[in-house]
Amino acid sequence: MFTATADIQVRRPITEVFAFVEDARNRPQWDDTVISEEITSAPPITVGTTVRTRLRSMGREYTYTWVVTDHDVPGRMTIESVSGPLPTTLQFTLTGDVAQTRVEFTVTGHPTGFMRLLQPMMARSTQHNLDRNFERLGRLLETGSGFSSTG
């Protein structure tokens, strides 16, 4: 198992930030590993919501299916992979108020079989991607430029 983390502090209300990060359709705007992400179940987003992601990692393209397993508005959301090459858990934890929000994000990968040998490389690559993409997410949230596509 490996864990990678990232966090940002933005001057934006916690309710707006949560609404933006919970909506998987926004992820390609800030995560350059994601080719596309779509919600595959009926609204609203809640425990049981399903998501399909096409992403590129370590030079290859993959498809994941996810299910939301924890959804506590506006403080926390956990998403578990149910298909894909690597069992993975994503967790957003938000704290803040009407003036600012701290977003903490954790990716936990559970490599099995041969993939366990690649775990150190996967952990480094995941952390590098998070560092880069959360900087982008912070800028996007601060400027509010990504909010026009939500809702």
Side-chain angles (χ1 to χ4, degrees), residues 1-58 61-111 119 122-151:
M1 179 177 82
F2 69 87
T3 300
T5 61
D7 67 90
I8 53 171
Q9 185 85 21
V10 293
R11 290 180 306 272
R12 175 85 54 196
I14 188 171
T15 54
E16 289 181 10
V17 173
F18 189 87
F20 185 81
V21 298
E22 81 169 337
D23 189 339
R25 297 168 295 189
N26 291 322
R27 191 164 159 209
Q29 292 182 62
W30 58 269
D31 186 339
D32 65 9
T33 66
V34 175
I35 298 164
S36 67
E37 195 156 61
E38 63 182 310
I39 299 170
T40 54
S41 56
I45 298 168
T46 188
V47 170
T49 294
T50 56
V51 174
R52 183 177 24 257
T53 305
R54 284 183 45 235
L55 62 86
R56 182 166 283 111
S57 179
M58 298 189 320
E61 190 173 307
Y62 302 98
T63 299
Y64 276 87
T65 302
W66 309 88
V67 65
V68 175
T69 58
D70 184 28
H71 191 257
D72 182 21
V73 178
R76 187 179 61 250
M77 186 168 80
T78 304
I79 308 161
E80 301 273 343
S81 66
V82 292
S83 73
L86 175 67
T88 307
T89 303
L90 310 177
Q91 183 173 44
F92 287 93
T93 304
L94 285 73
T95 53
D97 53 33
V98 298
Q100 63 182 357
T101 303
R102 180 183 176 126
V103 181
E104 298 172 272
F105 183 69
T106 303
V107 175
T108 305
H110 306 276
Q119 185 169 290
M122 288 187 291
R124 282 190 305 276
S125 176
T126 300
Q127 187 64 59
H128 175 74
N129 290 339
L130 285 181
D131 292 343
R132 182 182 67 249
N133 290 318
F134 264 71
E135 182 179 319
R136 180 179 293 124
L137 176 61
R139 287 191 312 267
L140 187 65
L141 291 169
E142 284 281 328
T143 64
S145 60
F147 287 90
S148 62
S149 67
T150 61

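Owing to the predicted nature of the structure, the values given are computational and were not obtained by experimental measurement.
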Check P87 against S81 and note the closest heavy-atom contact, atom names and distance. CA-OG, 3.4 Å

Run V10 and V17 through side chain to side chain contact (heavy atoms under 4.5 Å, CB included) and show every step you take. CA-CA 9 Å; V10 293; V17 173; 3.9 Å; yes

N/O donor-acceptor pair under 3.5 Å between T46 side chain and P44 backbone: no

N129 versus D31: any side-chain heavy-atom pair under 4.5 Å? no

Considering only heavy atoms from C-beta outward, does the side chain of T33 approach that of R132 to under 4.5 Å? yes

Any chance the side chains of R124 and H128 put a donor and an acceptor closer than 3.5 Å? no

Side-chain contact, heavy-atom cut-off 4.5 Å: Y64 with L86? yes

Only one of T53, T88, T50 passes side chain to side chain donor-acceptor pair (under 3.5 Å) with W66; say which it is. T53

Test your reading of the model: is there a side-chain donor-acceptor pair from E37 to the backbone of N26, 3.5 Å cut-off? no

T5 and T3 have their tightest heavy-atom pair at CG2-CG2, 4.1 Å

Between the CZ atom in R139 and the CD1 atom in I8, the distance rounded to the nearest 0.5 Å is 10.5 Å

Are P28 and V34 close enough that some pair of their side-chain heavy atoms sits under 4.5 Å apart? yes

Can you check whether N133's main-chain N or O pairs, donor with acceptor, with D32's side chain at less than 3.5 Å? no

Check whether any side-chain heavy atom of H71 lies under 4.5 Å from a side-chain heavy atom of F18, and answer yes or no. yes

4.5 Å side-chain heavy-atom contact, L137 and V21: yes

Could you tabulate the donor-acceptor pairs under 3.5 Å formed by side-chain atoms of residues 101-109, not counting sequence neighbours?
unit_1, atom_1, unit_2, atom_2, d
T101, OG1, R12, O, 2.7
T101, OG1, I14, N, 3.0
R102, NH2, D7, OD1, 3.2

Within the side chain of D131, is there an N or O that forms a donor-acceptor pair under 3.5 Å with the backbone of F134? no

Heavy-atom closest contact (L94 atom, P74 atom, distance): CB-O, 3.5 Å

Rounded at 0.5 Å granularity, tell me how far CD in Q100 sits from CZ in R11. 9.0 Å

Sorted by chain and number, sequence neighbours left out, salt bridge (charged side-chain N to carboxylate O under 4.0 Å, His left out) with R76 holds for D70, D72

With a 4.5 Å limit on heavy-atom distance, are the side chains of T89 and H110 in contact? yes

For the residue pair G48 and S41, what are the closest heavy atoms and their distance? O-OG, 4.4 Å

Verify the neighbour count for atom CZ of R52: are there more than 12 heavy atoms of other residues, nucleotides or ligands below 6.0 Å? no

Reported CZ-to-CG distance for the pair F20 and L141, which is rounded to 0.5 angstrom: 6.0 Å

Atom pair CD (Q9) and CD (E142), whose distance is rounded to the nearest 0.5 Å: 9.0 Å

